[in-house]
There are 2 protein chains.
Amino acid sequence: MKDPLKLKEQYCFPLYALSREITQRYRPLLQEIDLTYPQYLVLLVLWEERLQTVNQLGEKLYLDSGTLTPLLKRLEQKGHILRQRSKQDERVVEITLTPTGEALKESAQCIPLRMMESLDMPLADFEVIKKLADKLLIK
Amino acid sequence: MKDPLKLKEQYCFPLYALSREITQRYRPLLQEIDLTYPQYLVLLVLWEERLQTVNQLGEKLYLDSGTLTPLLKRLEQKGHILRQRSKQDERVVEITLTPTGEALKESAQCIPLRMMESLDMPLADFEVIKKLADKLLIK
DNA sequence: ATTATTTAAATTGTGTACAATATAATTGCG
DNA sequence: CGCAATTATATTGTACACAATTTAAATAAT
């Protein structure tokens, strides 16, 4: 190989740039329902299963409490979720959807399709990325 | 398709998670030379061509001055770069490497190989990502 | 030439990310 | 039981990202 420190030789830089570009593509769609991309991801999980602990959200999204706590407080401010300490284990904070948060799912229905149209990419290529991600994220 | 709002059905989430995981993998390597990943990327560009304007760095890394200005000030604090207004056009800030910043390239030589070892992935898969990135990033 | 427009950086404000630490509750062990 | 270790979340501090605005300099238009 030539100089491995050239930008063009970097294998991970395109991935970093692509990830940010995709968040940018989500932005206008999510703005319509006043959500950021990470907030949208949290709601995706809650729309599947109404009750989640902070820990469970963190495991699914690979985020820690340092990121989730303030993010969840913002979703609470917006009225989409409730945060309450578990009765059985006071250490645990349980996150549940409010009716407002539940109802937001309807407004979000169109987003996956609109994103796919915006991206206009072969799904097979995303499968490659999913495979790489699964391999690296399983520790 | 089933419910397109399920986390498992998301095509972009693995990319977002993978990008953060890779930054995590870089962290211990870059810590040895006291750099963050974005700072490392800026230096990669400067190691190729010693003089860059803020604008040129932004075009190559897809970052704006809101991100670059504070980042470059930190690199300046560390003694790796100089930031000085161009004589020909006072609007432009020219970024140049100091001898310290130049010398850092030696310490970084091992990083690409060590990352590849850490990732242990087929390079062909990264080519797929590069192709997706190129398509989306060319506007 | 004077003014309007454009351009390059910097600044401001919001929202992630994440390491490191703190706090409080629960569990495990002698 | 009493205390040490563990666990779940929150807090603190640093560093991106990026939209929106500001500032200052250069260019264009009349």
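Just so it is clear: chains get the letters A, B, ... in the order the sequence lines come, proteins before strands, and each one is counted from 1.
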In this structure, would [X] and [Y] fall into the same cluster of hydrophobic residues linked by side-chain contacts under 4.5 Å?
X	Y	answer
Leu123(B)	Val128(A)	no
Leu137(B)	Leu18(A)	yes
Met121(A)	Met115(A)	yes
Tyr37(B)	Leu61(B)	yes

Rounded to whole angstroms, how far apart are [atom1] on [X] and [atom2] on [N]?
X	N	atom1	atom2	result
Arg27(B)	dT14(D)	CZ	P	15 Å
Asp34(B)	dT14(D)	CG	C1'	12 Å
Leu63(A)	dA8(D)	CG	P	17 Å
Asp64(B)	dC16(D)	CG	P	13 Å
Leu30(A)	dA17(D)	CG	C1'	16 Å

Note to self: For a 4.0 angstrom threshold against heavy atoms of chain B, report the outermost contacting nucleotides of DNA chain C in 5' to 3' order.
What the structure shows: dT7(C) to dA19(C)
Check: Do the ring planes of Phe13(B) and Tyr62(A) sit parallel (below 30°), tilted (30 to 60°) or perpendicular (above 60°)?
Finding: parallel
Margin query: Can you confirm whether more than 12 heavy atoms, excluding those of Gln84(A), are under 6.0 Å from its CD atom?
Written below: yes
Item checked: Interface residues of residues 67-98 of chain B with DNA chain D (non-hydrogen, below 4.0 angstrom) -> Thr67(B), Leu71(B), Arg74(B), Gln88(B), Asp89(B), Glu90(B), Arg91(B)
Item checked: Tyr16(A) vs Asn55(A), nearer the 5' end of DNA chain D by closest nucleotide -> Asn55(A)
Next item on the list: Flag the pair Lys131(B) and Glu127(B) as a salt bridge only when some basic side-chain nitrogen lies within less than 4.0 angstrom of an acidic carboxylate oxygen.
Entry: no
Item checked: Lys87(A) and Glu94(A) ion-paired at < 4.0 Å -> no
Note to self: Using a 4.0 Å heavy-atom cut-off, does Thr23(B) contact any base of the nucleic acid, only the sugar-phosphate backbone, or nothing at all?
What the structure shows: nothing
Notebook entry, point to check: Once you round to the nearest 0.5 Å, how far does NE2 of His80(A) lie from OG1 of Thr96(A)?
Noted result: 13.5 Å
Check: Does Ser65(A) place a side-chain N or O at less than 4.0 Å from the phosphate oxygens OP1/OP2 of dA10(D)?
Finding: no
